[in-house]
Amino acid sequence: MIITDRPAPETDPRRHPGRWLALSVLVLAVLLVAVDATVLGLATPFLSEDLKPSGTQLLWIGDIYSFVIAGLLVSMGSLGDRIGRKKLLLTGAVAFGAVSVLNAYATSPEMMIVARALLGVAGATLMPSTLALIRNIFHDPRERSLAIGIWGAAASAGAAVGPVVGGFLLEHFWWGSVFLINLPVMAVLVVVGVKLLPESKNPAPGPWDVPSVLLSLVGIVGVVYAIKEAAAHGMRWDIAAAAVVGVGALVRFVRRQLTIRFPLLDMRLFRNRGFSGAVLADLLTILGLSGLVFFLSQYLQLVQGRGPLEAGVAELPAAVGAVTAGLLAGRAARRFSVRLVVAGGLAGVGLATAMLVLLTEDTGYPLLGGVLLVVGVGAGFSFTVTADVILSSVPKEQAGAASAVSETAYELGAALGIALLGSIVTGVYRGFPTPAGVPAETASAAHESLGGAVEAAGAVPGHQAAELIAAAQEAFVHGLRIAAGAGAAVLLATSVVAWFLLRGQKLEEGLEEGLEK
């Protein structure tokens, strides 16, 4: 008989008895955030027609959500460590549902931008809370890897469900309905979460440092705003001022964290090479992907003429690949190595993205579907393993702050990706030549966005309308090809960086010792 000091799986007191049911509640929160992020891309053409935003306003509608979330995630993760992650999650869920209504009934581009910003405030409470609760519910590293895989798979499933459900709604209702689907999900989350989720927090966290909160918000938003505006319009004095203020605030934030007794974020976490490498890999990967994802739905609808539901279904291979890879990622990283799975996954994503430089207005679906499938598999492996590395690198009392750093990298990368790669698409697009005979006012509206061109074409005769739309589509696809090349370069470089920074990194084995019961 073999004797082991490891307790039986279901009798170990460190295993929360309802952990898998609790995970199902956390999955709902992840699904909600993922659905909300993906439906906006499908709704953009309809939103553009109704609210008539300029090209710059359209970019702000797309990225202000990520800007605000990125600026507040560290603060909210630290707050959850202090007041309780369950409390913060459920409070944020209620707020998220309420602000979704405001998004649905926005009547102007300005109102929509404000509503998206408020949704970002609420969203900042959700993601770090879910990962931190996983860290505190699942003490067995192998179970935690599986739980993180399910968590990541839920995000990918949400990315798949969002376009399909959103496409169905857009074909039968007005664009605001895609935000109202948040309400029933939030209602279930709150009602079930109150009963199933265990509360957890840092037993001795110290006070919440408000000056650090303000410094992190001003710093991140200032820097991201400066990058976005400089990429779109070139450097101006106000953009330079925003950059100086943002960098100055971040430097002051770091110095403050190193000197105060109870920091908002323990900067010593970054001394762990695995932690820092995983965070950097997440940031650069999302940067390389997000700008392209934002414009892909517009390409499928406004260039290839697919309906919203068909466009949503066309994007399913990415989610299928990500779900499958996410569930297998922990096992693969233990059998081979963390850096091989992460770097290999990113290399696959980069090579697949590079294939999009071959994109044309009439590219067949087999190429698009194959690219999306490979992107999904590679991203599923990479993101699941990096999340596991980040969570296992810190004490469970700091799980909220560590999760927030991970999510900040994700959201910051998304905002920068939309800003930089999106600006490439927009900049190339605006340079397309106007067909002869098109009035100046119509041409100006057409150069704002592809959706604006399709709408403006209705004001000119048939042959001019066809020429205008064809020229706009050609310019849009050309910009998308250039952005794809830039994104692929970022992703392949990130694969190399991950290979070196994650050298020797391993996922934990066996049940953690020394944890509180």
Side-chain angles (χ1 to χ4, degrees), residues 32-72 76 91-126 162 165-167 169-170 172-186 217-218 220-222 224-225 228-229 232-233 238 242 290 294-295 297-298 301-302 308 411 414-415 418-419 422-423 426 444-445 447-456:
L32 183 71
V33 175
V35 165
D36 185 77
T38 53
V39 295
L40 180 64
L42 279 176
T44 295
F46 300 86
L47 185 151
S48 298
E49 182 179 352
D50 192 8
L51 302 184
K52 296 177 174 56
S54 66
T56 299
Q57 286 175 325
L58 193 60
L59 282 177
W60 273 110
I61 290 171
D63 61 27
I64 189 63
Y65 175 74
S66 294
F67 283 6
V68 173
I69 283 187
L72 288 176
M76 292 301 181
T91 301
V94 172
F96 200 94
V99 179
S100 294
V101 177
L102 184 62
N103 278 261
Y105 291 99
T107 56
S108 69
E110 295 79 9
M111 182 177 177
M112 187 66 185
I113 292 170
V114 171
R116 292 288 292 171
L118 292 175
L119 200 66
V121 175
T125 67
L126 299 179
V165 175
L169 292 173
L170 289 168
H172 294 85
F173 306 98
W174 99 114
W175 59 264
S177 62
V178 300
F179 294 103
L180 296 183
I181 61 174
N182 294 340
L183 298 181
V185 178
M186 276 304 177
L217 179 61
V218 171
I220 292 176
V221 173
V224 173
Y225 170 81
K228 172 189 178 300
E229 291 299 301
H233 307 296
D238 57 321
S290 59
F294 180 74
F295 285 100
S297 292
Q298 295 180 59
Q301 293 179 77
L302 299 178
E411 295 298 341
I418 292 175
S423 295
T426 302
S444 177
H447 280 82
E448 284 294 325
S449 67
L450 183 56
V454 173
E455 183 179 356

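Quick note: numbers below take in every heavy atom, side chains included, and nothing from hydrogens, waters or symmetry partners. What you see is a predicted model, and the numbers here were worked out from it, not measured in a lab.
Nearest heavy atom pair, residue Met76 against residue Val121, reads CE-O, 4.4 Å. For Ala115 against Leu102, the heavy-atom pair with the smallest separation is CB-CG, 3.9 Å. Scanning all heavy atoms of the two residues, the minimum distance from Gly92 to Ala122 falls at O-CB, 4.0 Å.
By the side chain to side chain contact (heavy atoms under 4.5 Å, CB included) test, Val99 is found to be paired with Asn103, Leu118, Leu119, residues two or more places apart in sequence or in another chain being considered. For Ala106, the side chain to side chain contact (heavy atoms under 4.5 Å, CB included) partners are Met111, Met112, Trp175, not counting sequence neighbours. For Ile64, the side chain to side chain contact (heavy atoms under 4.5 Å, CB included) partners at least two apart in sequence or on another chain are Trp60, Phe67, Val68, Ile113, Arg116, Ala117.
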